[in-house]
Amino acid sequence: MLTFGTGNKAVAMAVRDAKPVVVAAYPITPQTEIVEEIANFVTDGSLDARYIPVESEHSSMAACIGAAATGVRTFTATSSHGLVYMCEMLHMSAGARLPIVMANANRALGPGWNIGAEHSDSISMRDTGWLQVYVSTVQEAYDATVMAFRIAEHTDVLLPVMINLDGFLLTHITQTFETVEPGDFIPPTATPHAIDINNPGGYGTLTPGNTHFKFRHDIERGMQASVPVIVETEADFARRFGREYHLYEEYRCEDADVVIIAMGTLGKEMEVAVDILRDEGVAAGAIRMRWFRPFIVPDLDGKEVVVIDRDYSFGFGGVVANELQAKCGCKPFSVIAGLGGQEVTYDDIAEFVRIRCPGKEHWFGVDD
Amino acid sequence: MAIPDEEFLLKTTSACAGCPSSLILRYVTKAAGADTVLVIPACCTSVIQGVYPTTAMNIPVYNVAFASAAAVASGMSEAFRAEGRKTNVICYAGDGGTIDIGIQALSGALERGTDFLYICYDNEAYSNTGMQRSGATPLGAMTTTTPGGKKDQKKDLDAIVAAHNPVYQATACAAYPQDLYNKVEKALSIPGPKFMHVLAPCPPGWRFPSEKTIEMGKLAVKSGLWVLYERENGKLSITGASKAAMKKRIPVEDYLSVQGRFRKITAAETAEVQKTVEDTIARLQREVDGIC
Ligand SMILES: Cc1ncc(C[n+]2csc(CCOP(=O)(O)OP(=O)(O)O)c2C)c(N)n1
Ligand code: SF4
């Protein structure tokens, strides 16, 4: 069905269509609309779920953990300070191999108090064992949310999935999008380690080092196994519903000498920048990274690389640029741009390519 | 009510000799029965249940982060109810995990009417990490972070919980298992949020010989320092051995002087403890009499 709404609304409708049994939530700008919409769906009966209006984000993830432990489908949403406040519970949920799905509206962390888009919140949760996907349109927010349940709950994966959407730039913009009826696209949850009264066991008990080590390795196996599961899920989604997604999205890359790489809404903006540069005779291309965890490296052989990070690891550098460099040996021109919702236009992005200097770092608006 | 023979806390655990917490857990699980999940935050009980892949419990035990027990229980309880299951969800948490770091989650779960039983076993310190003070440590008690004796009063957890008007609230003590058993059984027969606060005299923490756990619990009740009661739909009744203590008590001195942790308590602090006992008993008596 074709409808019209914000990124937040699209996520809420995808959650409704995926039919979770428990939703626990705590409001925070710019995510609030998601949990309000879901509360409305539960109230008007269009979603038959238990809605737990918890007292904090630490508790929303805890409540999802409790519910998912029984083997039911769960969802929550958060942003920024809410996400880092639940950090401990992100480790707990991934470590317990619970397929919780969460939307995160990417937003800066204070101080200063800022509610603009920035990826530092989710990037700083890099090592929790959560899968992270970054979306760029309202339609993609809807589709990625539907797919997230299937990916998280796949028994080869059994890891939680975070859908990241840029605060305001995507959470609050309105576009047309099409909903689907997932039906058997998302099979019923089959968590093999759901609590079983008839076969009691200890969950998360004291664990000796060697066994803990093995459990950690199993998480990494789940991460690796998620790659074919994502590919298969996206292929099946395309077959059934006609919309195609890939691990990363390439734009005019075949014959490109220089590629721009970014995530989220900037990743969409750079396609326009590529067209501008092509008109100027620069053989530019763009790669929009969708999955930050697992980190899936595109083929950058023989190409110059410009990476735009809407995040920063202090004392180190732009995270995506550095991870790419570590994985594939490229020497990117690392641009830090868009923190705290700083405006970055496609003209600005084209300029990053024009001034590129391999191996250097450039803070947009500071180094100019 | 007869206590069943069936054991859910199996023999041989990693608890200290004379551990009150395992004693309480044993009776709690007997009263709750097999269709029960325990939710346990970091505390001594995380250790008592054993090391993976073994477990000393014959019911599922979900170990969760320190601050999160009541919130995990909220999600679990809602999920069970959504699936039409009656499974008891019981949080079993120490005083630190309840009165300090976990109080936000507890308050939220009580306020939302979560169908669960929260049991705080109160050994009056963070024992798992080696006997640091908690909000439940009483005035004058030495801990590793109050080596000169605690200068602040014990936080009144029961008053905080009472302000949430749970459907059922009770105190109990490891020294009186029948009273404890009856209360757990009653609590679980009522839907909605239930809370129990159970005194757990802890030999290494309180510094008394490990065979004296029961005796120490009895002294707490006989001195009126710990009052056994239950509050059902707002109606308070004093239970068991506390009925006598409401009228006639032994001096708190008799309780304090046999515990190494009170070695540094001053005469003024002892008098203050005695006064708190008298005030609390008077307040509870007024509530029983309906004058409050
Ligand atoms: C967030 C966090 N902070 C600190 C700890 C360390 N810790 C584990 S158990 C514990 C004390 C538990 O005390 P209490 O709840 O009274 O239970 P007891 O050990 O006495 O049984 C502490 C401080 C932790 N696990 N998590
Ligand atoms: S420290 Fe106290 S409560 Fe903890 S296991 Fe030992 S006796 Fe039990």
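All values below come from the heavy atoms of this structure, side chains included, with hydrogens, waters and symmetry mates left out. As the structure is a prediction and not an experimental result, all values here were calculated from the model.
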> What part of B/Val47 is in contact with chain A, defined as an atom under 4.5 angstrom from a non-hydrogen atom: side chain, backbone, both or neither?
Replying inline: both
> Side chain, backbone, both or neither: which part of A/Met61 has a non-hydrogen atom closer than 4.5 Å to chain B?
Replying inline: neither
> Do A/Ile197 and B/Ile59 come within less than 4.5 Å of each other through their side chains, counting heavy atoms only?
Replying inline: no
For chain A and chain B, what donor-acceptor pairs lie under 3.5 Å, backbone included?
{"unit_1": "A/Arg50", "atom_1": "NH1", "unit_2": "B/Glu78", "atom_2": "OE1", "d": "3.1"}
{"unit_1": "A/Arg50", "atom_1": "NH2", "unit_2": "B/Arg81", "atom_2": "O", "d": "3.4"}
{"unit_1": "A/Glu55", "atom_1": "OE1", "unit_2": "B/Arg112", "atom_2": "NH1", "d": "2.8"}
{"unit_1": "A/Ser56", "atom_1": "OG", "unit_2": "B/Gln104", "atom_2": "NE2", "d": "2.6"}
{"unit_1": "A/Gly201", "atom_1": "O", "unit_2": "B/Val61", "atom_2": "N", "d": "3.0"}
{"unit_1": "A/Tyr203", "atom_1": "N", "unit_2": "B/Val61", "atom_2": "O", "d": "2.8"}
{"unit_1": "A/Tyr203", "atom_1": "O", "unit_2": "B/Asn63", "atom_2": "N", "d": "3.0"}
{"unit_1": "A/Tyr203", "atom_1": "O", "unit_2": "B/Asn63", "atom_2": "ND2", "d": "2.8"}
{"unit_1": "A/Leu206", "atom_1": "O", "unit_2": "B/Tyr52", "atom_2": "N", "d": "2.7"}

> Closest approach of A/Val22 and B/Gly75, non-hydrogen atoms and distance?
Replying inline: CG2-O, 4.4 Å
>> Would you say CZ of A/Phe215 has more than 12 non-hydrogen atoms from neighbouring residues, nucleotides or ligands within 6.0 angstrom?
In response: yes
>> Please identify, among A/Gly66, A/Pro53, A/Gly71, the residue contributing the most non-hydrogen atom pairs under 4.5 Å to chain B.
In response: A/Gly66
> What is the minimum heavy-atom distance between B/Val51 and A/Pro208, and which atoms define it?
Replying inline: CG1-CD, 3.7 Å
> What part of A/Ala24 lies closer than 4.5 angstrom to a heavy atom of chain B: side chain, backbone, both or neither?
Replying inline: neither
> By ring-ring contact (aromatic ring centres under 6.0 Å, His included), which residues pair with A/His154, not counting sequence neighbours?
Replying inline: none
>> Does any backbone or side-chain atom of B/Ala105 lie under 4.5 Å from a heavy atom of chain A? Answer side chain, backbone, both or neither.
In response: both
>> If we define contacts as heavy-atom pairs under 4.5 Å, which of A/Cys64, A/Ala62, A/Gly204 has the most with chain B?
In response: A/Ala62
>> Less than 4.5 Å to any heavy atom of chain B: does that hold for the side chain of A/Val54, its backbone, both, or neither?
In response: both
>> The test is side chain to side chain contact (heavy atoms under 4.5 Å, CB included); show your working for A/Met92 and B/Val72 and say whether it passes.
In response: CA-CA 11 Å; A/Met92 295 296 282; B/Val72 170; over 6 Å; no
